[in-house]
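Beneath this line is the structure, given in structure tokens, with notes to follow.
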Amino acid sequence: MSRYDPATIEARWQKAWAEAGLFTAKRDPSKPKYYVLEMFPYPSGRLHIGHVRNYAMGDVIARYKIATGHAVLHPMGFDAFGMPAENAAMASGGHPKDWTYANIDTMVEQFKPLGLSLDWSRMFATCDPEYYGQQQALFLDMLEAGLIDRRPAVVNWDPVDMTVLANEQVIDGKGWRSGAEVEKRELTQWFFKITDMAEELLEALDGLDDWPAKVRLMQENWIGRSRGLEMTFPMTAPHAGIDGITVYTTRPDTLAGASFIGLSPGHPLTKALAEENADLAAFVDECKKMDTTEAALEKAEKKGFDTGLTVDNPLGGTLPIWVANFVLMDYGTGAIFACPAHDQRDLDFARKYNLPVIDTFFAESDDTPVETDAFVPPKTEKVRWVNQPAGLTEGTGEEAVEATIDWAEAQGIGQGKVQFRLRDWGLSRQRYWGCPIPIVHCEDCGVVPEKKDNLPIELPYDNGNEPIDFSIPGNPLDRHPTWRDVPCPACGKMAKRETDTMDTFVDSSWYYTRFTAPRADTPTDLDEVGYWMNVDQYIGGIEHAILHLLYSRFFARAMIKTGHLPESAAEPFDALFTQGMVTHAAFSIAGPHFDKEGQPTYSRTRYLYPEEVEKRSDGMYEKGTETRVVTHPPMKMSKSKNNVVDPLAIISQYGADTARWFVLSDSPPERDVEWTASGAEAANKHLARVWNLCDRIAAMDPDGNGQGDEDLLREMHKTIRDVTMGVESFGFNAAIARLYAFTGVLSKSKASHKVQREAVMTLAQLMAPMTPHLAEDVWHHQGGEGLCAAAPWPIADEAMLVEATVTLPIQINGKRRDEISVPKDMPKDEVEKLVLANEAVMRALDGGQPKKLIVVPGRIVNVVV
RNA sequence: GCCCAAGUGGCGGAAUGGUAGACGCAGCGGAUUCAAAAUCCGCCGGUGGUGACACCGUGCCGGUUCGAGUCCGGCCUUGGGUACCA
């Protein structure tokens with residue numbers, strides 16, 4: 001009797017798969033192709049248990065598709081540019097490139113023992129010049145195709161560190177390192193013109209039947225198509241050459257309730273007025289100190305500044321013009337009319353600054369005037385209106401909107417307009433560790449694209465003979481003369497290279513096409529990309545529901561326009577599955593904190609590792625100190641929260657199969673799962689049980705008689721059906737529960753050797769996508785032919801699934817009271833007779849007749865008394 | 001703030017509008033053992049009852065239905081996203 005020894009068998013079978021070349025993607029005209037892809041990881045340093053969950057899911061699909069006769073492409077790479085590498089270099093003096101590639105090496109080594117069915121020959125990292133050089137070629141093609149333009153945009157500016165900050169690096173309006181008040185600064189930046197495709201990106205969502213509805217809905221809302229009115233209010237007295245304020249509103253039905261005009265702090269009139277009014281300039285400066293995030297803007301206290309100017313209201317009188325901190329320059333026209341009666345934010349503002357509140361309609365049942373709660377006119381419900389410009393007295397909000405647009409168009413003061421919430425995608429980043437933008441700025445020729453022959457424009461590793469000093473804030477490319485100063489590609493005169501790099505979302509927006517021909521000397525090889533695209537199944541975290549997936553959808557379209565993808569790849573991901581995150585308890589101490597020299601550093605919360613925390617009778621403390629620790633509810637595992645769980649510990653203790661089985665069994669894959677250590681032990685026990693079962697069956701008398709062959713076979717075929725369905729529908733946890741149950745039945749079975757052998761080999765095959773090594777070993781021990789991983793997937797025999805009798809629960813008034821067993825095809829009236837003769841039913845009826853008798857054939861009976 | 005989800009025993013969770021709690025963990029009881037580990041068997045939502053059984057029970061309030069964890073309306077809590085974290 002041998003023992004289940006994962007370390008030995010896992011190494012053996014990984015070697016066998018590699019030698020068989022089982023996972024090297026090969027085009028095969030005799031098979032349908034299948035491309036399964038998990039979102040590639042950022043090389044943060046180590047794999048965590050969330051990665052294992054993600055890749056185990058993809059591996060189940062990939063192995064299942066191999067077993068069902070597909071030519072499978074299942075690649076892996078690294079999303080390798082990004083801020084953490086620069087932060088690491090800043091903190092510890094290394095180089096982002098060294099840090100990143102060292103992490104990749106570590107993570108590849110951590111990947112290998114998991115036994116994933118990956119084609120490593122196609123591996124690349126987005127920071128490989130071979131990859132980002134092709135990305136630069138794509139950029140040039142897209143620029144030429146008119147998909148990119150350049151204009152000013154606002155960034156977070158740290159005035160002490162003299163650098164641009166990411167939103168994440170702005171904590172309560174202050175720079176994360178310097179602690180200085182962050183300012184806004186306008187820089188000229190590159191944009192992908194994604195808004196040009198807003199309409200088609202929206203419409204195509206309808207065709208994505210195999211995407212989660214929630215993701216389609218989130219994207220729909222994000223794109224945010226609305227029809228509204230763009231209209232101009234003439235200035236009562238023109239000022240600084242501006243004679244009217246153009247506003248956009250999605251609720252023109254509330255025009256009659258307009259009580260003031262709100263200008264964005266970035267509006268041209270605001271800027272002109274601020275030059276002559278120091279108080280206004282101060283107000284605008286204050287607005288500039290707010291976080292740039294939408295969440296912060298929306299939640300910030302609403303503040304305004306009365307300009308003293310007015311516009312003429314086409315409905316009579318004038319409206320005051322205010323500068324308001326909540327009016328966005330990026331959406332609409334940067335100016336609004338405010339209707340306090342019917343918009344809560346406007347109402348709060350009006351109450352604060354004593355502006356009028358004017359009702360435009362009364363709901364049928366409620367004529368009370370607006371006091372503290374704004375009443376938003378319902379779009380689809382009829383209400384009575386007053387003062388509607390077009391004279392409407394009754395109708396829905398939608399009808400009033402259209403009537404007002406018609407009226408404004410007839411008056412010649414405005415027109416109906418479709419507006420999108422979606423903004424263009426700013427791709428410029430003032431950072432070193434990203435893909436250089438292949439542009440040269442020439443005094444004579446202006447903005448000049450690099451020649452394709454000069455690609456890739458590689459990042460300089462060092463500064464001449466000096467290492468680059470990453471501890472100096474700001475972009476080292478800016479202060480790198482030999483890299484920065486180059487001849488103009490057009491005229492040859494000395495010029496300056498663009499020192500901004502690309503947003504890392506660009507890198508991840510087309511990598512899935514590159515896997516089809518990772519070494520091609522063009523961005524894609526049309527033959528290969530035509531064969532393998534689309535991605536049949538894409539798997540990744542729900543946190544990417546909007547940005548990454550929307551950008552990728554845009555990029556696929558842009559690549560079609562530039563001839564790098566076939567038309568059929570406009571929607572690159574046929575099916576999407578968004579798995580939940582692995583969460584874990586986190587512990588923190590509120591700031592401020594001090595470095596070794598006692599200087600204050602981060603003002604924000606500091607997170608502790610679980611092993612730095614200890615529990616005492618009166619709460620949680622930092623180990624060995626008197627510092628109290630805040631225990632957070634389970635949250636997303638992330639390096640910054642120090643709550644990452646290392647899967648290698650489990651693998652070295654129990655083996656990869658146990659780790660895989662556990663992360664798949666513990667929770668439904670789309671839901672978040674909280675990491676707890678306890679389940680791993682149980683998973684391991686179960687695998688050992690299967691192993692022992694295999695041993696027991698192998699030792700049976702091959703010619704002996706048994707009992708219950710038929711019953712075991714029936715159970716086996718039901719299990720095949722249920723597990724197959726589970727795997728296809730991402731019900732991995734349910735499939736595993738079914739396998740537990742079948743294992744229980746098999747281990748108690750007294751069936752003949754022949755049937756038990758068939759059952760345990762089928763069990764191995766059904767487990768193989770989750771626990772491939774154990775499955776392979778069981779297969780081998782039972783004398784299976786070839787590799788289990790290459791064996792065809794078992795098929796459930798329909799004839800074995802049919803039951804002769806069914807159990808019908810009997811409900812009385814919707815509550816289960818009894819059950820009867822009847823032949824499967826018993827006619828309804830006979831079932832009714834049996835039910836009426838049932839003891840519990842007769843007791844409930846007490847001699848009377850049922851009010852109603854509902855028989856759902858094969859399912860349930862309900863007697864209403 | 002806004003958009004999108006989720007909420008079921010002590011815990012993870014199962015359940016095409018049709019027997020709520022499959023399967024697993026923990027716990028309890030038993031077998032085996034000199035003893036333990038390992039393994040195996042049984043019990044396991046709450047209240048009442050010896051029991052048959054009865055009543056209650058899927059975050060909260062209401063609705064639709066013969067029947068609601070599931071559908072609809074309104075809340076609460078937690079999580080994700082919120083455009084320079086990836």
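A, B, ... follow the sequence lines: proteins, then strands. Residue 1 opens every chain.
The side chain of A:Lys815 contributes no N or O atom lying less than 4.0 Å from OP1 or OP2 of B:rC66. For A:Arg843 and B:rC53, the shortest distance from a side-chain N or O to OP1 or OP2 is not below 4.0 Å. Close to B:rC4, at under 4.0 Å from its OP1 or OP2, lies a side-chain N or O of A:Asn221. For A:Arg859 and B:rA15, the shortest distance from a side-chain N or O to OP1 or OP2 is not below 4.0 Å. Here A:Asn733 does not reach the OP1 or OP2 of B:rG12: none of its side-chain N or O atoms lies under 4.0 Å away. Side-chain N/O atoms of A:Arg429 include none lying less than 4.0 angstrom from OP1 or OP2 on B:rC85. In terms of phosphate contacts, A:Thr504 brings a side-chain nitrogen or oxygen within less than 4.0 Å of OP1 or OP2 of B:rA86. Between B:rG13 and A:Ser667, a contact under 4.0 Å exists linking OP1 or OP2 to a side-chain N or O. At B:rA14, none of the side-chain N or O atoms of A:Arg738 fall inside 4.0 Å of OP1 or OP2 (strictly under the cut-off).
At the heavy-atom level, A:Arg671 lies under 4.0 Å from the strands shown only through sugar-phosphate atoms. Among the atoms of the strands shown, none is found under 4.0 Å from any heavy atom of A:Pro41. Base contact: A:Gln430 has a heavy atom under 4.0 Å from a base atom. When heavy atoms are screened at a 4.0 angstrom cut-off, A:Leu422 is found touching base atoms of the nucleic acid. Among the atoms of the strands shown, base atoms are found under 4.0 Å from some heavy atom of A:Ser428. When heavy atoms are screened at a 4.0 angstrom cut-off, A:Lys302 is found touching no nucleic acid atom at all. Contact annotation for A:His544: base contact, defined as any heavy-atom pair under 4.0 Å involving a base atom. A:Ala734 comes within contact range of no nucleotide atom at all, as no heavy-atom separation falls under 4.0 Å. Across all strands shown, A:Phe505 has heavy atoms under 4.0 Å from base atoms, whether or not it also approaches the sugar-phosphate. Using a 4.0 Å heavy-atom criterion, one finds that A:Val155 contacts the bases of the nucleic acid, with or without backbone contacts as well. Residue-level contact check: A:Val864 touches the backbone only, with heavy atoms under 4.0 Å from sugar-phosphate atoms and none from bases. Within 4.0 Å (heavy atoms only), A:Leu217 reaches sugar-phosphate atoms of the nucleic acid but no base atom.
Shown here, B:rG9 is classed syn by the O4'-C1'-N9-C4 or O4'-C1'-N1-C2 angle, which is within 90° of 0.
Protein atom CG of A:Leu746 is 17 Å distant from nucleotide atom P of B:rC23, rounded to whole Å. To the nearest angstrom, P of B:rC25 lies 12 Å from CH2 of A:Trp661. For A:Lys828 and B:rC66, the NZ to C1' distance is 12 Å, given to the nearest whole Å.
Both cation-pi conditions hold for A:Arg151 and A:Phe191: the charged atom is under 6.0 angstrom from the six-membered ring centre and inside a 45 degree cone around its axis. A cation-pi contact, defined as under 6.0 Å to the ring centre and within 45° of the axis, links A:Arg421 to A:Trp222.
In this structure, A:Thr163 and A:Asn475 have side chains that are not in contact, with every pair of non-hydrogen atoms separated by 4.5 Å or more.
In this structure, A:Tyr512 has its ring center no closer than 6.0 Å to that of A:Phe40.
Residue-to-nucleotide contacts include a donor-acceptor pair under 3.5 Å from the side chain of A:Asn862 to the base of B:rC66. One N or O donor and one acceptor, one from the side chain of A:Gln189 and one from the base of B:rC84, sit under 3.5 Å apart. You'll find a donor-acceptor pair under 3.5 Å spanning the side chain of A:Gln811 and the base of B:rG18, going by distance alone.
Using cut-offs of 30° and 60° on the angle between ring planes, the pair A:His544 and A:His548 is perpendicular.
For B:rC66, the paired base is B:rG18 (Watson-Crick or G-U wobble, both distances below 3.5 Å). Using Watson-Crick or G-U wobble geometry with both donor-acceptor distances under 3.5 Å, B:rC40 finds its partner in B:rG30. Across all strands shown, B:rC25 pairs with B:rG10; the Watson-Crick or G-U wobble distances both stay below 3.5 Å. Using N1 to N3 plus N6-O4 or O6-N4 for Watson-Crick, or N1-O2 and O6-N3 for G-U wobble, each under 3.5 Å, B:rA5 pairs with B:rU78.
Counting only distance, with no hydrogens or angles, the side chain of A:Asn325 and the backbone of A:Glu301 share a donor-acceptor pair below 3.5 Å.
Across the interface with RNA chain B, nearest-nucleotide mapping of A:Arg689 and A:Val215 shows A:Val215 to be the residue nearer the 5′ end. Both A:Lys299 and A:Ala737 sit near RNA chain B, but only A:Lys299 has its closest nucleotide nearer the 5' end.
Heavy-atom minimum distance, A:Ala683 versus A:Trp661: CB-CD1, 3.6 Å.
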